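Have a look at this one before I ask anything.
Because only heavy atoms are used, hydrogens play no part in the values below, and waters and symmetry mates are left out as well, while side chains stay in. Not measured: the values here are computed from a predicted model. Just follow the structure's listing: the first ligand is 1, and inside any ligand the first atom is 1.
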Amino acid sequence: MSIQSNLQNIKSSLPDHVTLVAVSKTKPVADLMEAYNAGQRIFGENKIQEMTEKWEQMPKDIQWHMIGHVQTNKVKFMAEYVSLIHGVDSLKLLQEINKQAQKHHRVIDCLLQMHIAEEETKFGLDEKELHEIFDFIQNNEGSMKNIRILGLMGMATFTDNQEQIRKEFTHLKSIFDTHQNLKSEICNLQSLSMGMSGDYKVAIECGSTMIRVGSSIFGNRNYQ
Ligand SMILES: *Cc1c(COP(=O)(O)O)cnc(C)c1O
């Protein structure tokens, strides 16, 4: 199957309210261009350097989403152009994004990453940490004008157990729903980023509005 037909198959199966992020990490620009020429404009990468190289080479109407873990000292390399940062999991990182966005006279959209999986290794906030960030934002609106928190992101446990995955996505959706009342200029939870190649159908059933799909579009990745 070609990238173009994979993309078309997935897109035609998605409800209108679900945004598809094409996860192109490790893939060459030629592959991304095939998706671009098939109409895809949102690409997700998990390494800032790789994303920046692709941004430099590719058409400028692409929206680049950072879906990986972000180190604070690397925010500056994507602040000029990044469109949405999915993996924000600390106040320190949020403040650095705000600072770098300010330098570029822009507002950077962010999602807060929640820890919903069973595995210890997955990054993300627990609910207490989430509340600490919301409290800080509410009390410091004036100094955080260069970010917008547009939603939440999460990754389910890597398992074949569909019930487990469903339980974790449902939990994230309930956290998302609980915080719908926190509407301000800086915070407005509209997007719920959950679901990858293996679990996006379940994620959509559980309320996802944004799926991050890589291998089902571009084929398996070869890591060295
Ligand atoms: C790699 C990655 C994806 C896409 O994974 P696939 O299984 O290839 O669809 C989605 N989200 C994150 C955070 C990733 O790192």
May I ask you to decide whether E205 forms a salt bridge with R166, counting only side-chain N to carboxylate O separations under 4.0 Å?
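Salt bridge present between E205 and R166.
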
So is H86 touching ligand 1 or not, going by heavy atoms under 4.0 Å?
no

Numbering the atoms of ligand 1 from 1, which are under 4.0 Å from a heavy atom of V213?
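Atoms satisfying the 4.0 Å criterion: 9 (O).
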
What residue pairs, at least two apart or across chains, pass ring-ring contact (aromatic ring centres under 6.0 Å, His included) with a residue in residues 84-109?
H65-H86

Using a 4.0 Å cutoff against the non-hydrogen atoms of R212, which atoms of ligand 1 qualify?
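Those of ligand 1 that fall under 4.0 Å from R212 are 4 (C), 9 (O), 10 (C), 11 (N), 12 (C), 13 (C).
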
Is there side-chain contact between F123 and H115, with at least one heavy-atom pair below 4.5 Å?
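Not in contact.
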
For G214, the ligand 1 atoms whose distance to one of its heavy atoms is below 4.0 Å
4 (C), 6 (P), 8 (O), 9 (O)

Quick one: do E50 and K25 make a salt bridge, cutoff under 4.0 Å?
no

Minimum distance, heavy atoms only, to atom 14 (C) of ligand 1: which one of M196, K25, M155 is it?
K25

Run down the list S197, G154, S193 and name the one with the heavy atom closest to atom 9 (O) of ligand 1.
S197

Per-pair distances, 0.1 Å, donor-acceptor, side chain in residues 68-80, under 3.5 Å, sequence neighbours excluded:
from	atom 1	to	atom 2	distance (Å)
Q71	OE1	K74	NZ	3.3
K76	NZ	N73	O	2.9

